[in-house]
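Here the structure is laid out as structure tokens; the discussion comes afterwards.
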Amino acid sequence: MSYYYKPSMGYSVHALQRAKERLKLQDKQDWEVKEAIKNHIFNSTKTFKINGMLYLSASNTNIFFVINESSNTLVTVTLVSAEKQLRLMGGW
């Protein structure tokens, strides 16, 4: 790791725990979980924003990473059904 390395995103302890549960990575170290998260985010094409929170799909599944835009911190990893997405975006 370089002296000038600066992480592009912060991770809450809760988010790392949820990622381990939701992405089936219980036996992995935190750095491995962070790499898996980065890969999922890179491969995602589904996203939406609500109240300063950015929702990014984990490789286009119904598992979403919730990122606080102001602090650029991953807050949680949660399941969001299609119906819940519509409700969150004001469709229902």
State, yes or no, whether a side-chain contact exists between I63 and L79 at a heavy-atom distance under 4.5 Å. yes
Got a second to check how far T78's OG1 is from N62's CG, nearest 0.5 Å? 9.5 Å
Just checking Q26: does its CD atom have more than 12 heavy atoms from other residues, nucleotides or ligands closer to it than 6.0 angstrom? yes
Side-chain contact test, heavy atoms from C-beta onward, threshold under 4.5 Å: evaluate it for Y11 versus V33 and give yes or no. no
Rounded to the nearest 0.5 Å, how far apart are CZ of R22 and CD of Q17? 10.5 Å
Go through the steps for V77 and K20 under the test side chain to side chain contact (heavy atoms under 4.5 Å, CB included), then give the verdict. CA-CA 9 Å; V77 180; K20 286 181 180 183; over 6 Å; no
So do K34 and L16 actually touch side chain to side chain, heavy atoms under 4.5 Å? yes
How long is the span from the CE atom in M9 to the NZ atom in K38, to the nearest 0.5 Å? 7.5 Å
I'd like a table of donor-acceptor pairs (distance under 3.5 Å, sequence neighbours excluded) in which one partner is a side-chain atom from residues 50-57, with atom names and distances.
from: S57; atom 1: OG; to: N60; atom 2: N; distance (Å): 3.1
from: S57; atom 1: OG; to: T61; atom 2: N; distance (Å): 2.8
from: S57; atom 1: OG; to: T61; atom 2: O; distance (Å): 2.7

How long is the straight-line distance from CD of E35 back to CD of Q29, given to the nearest 0.5 Å? 13.5 Å
Do you know which two heavy atoms are closest between S59 and H40, and how far apart they sit? OG-ND1, 2.7 Å
Gap between atom CG of L25 and atom CG of D27 - 0.5 Å precision: 7.5 Å
Taken in chain and number order and not counting sequence neighbours, the residues that satisfy side chain to side chain contact (heavy atoms under 4.5 Å, CB included) with S81 are E83, K84
So, S12 side chain and V75 main chain: donor-acceptor pair closer than 3.5 Å or not? yes
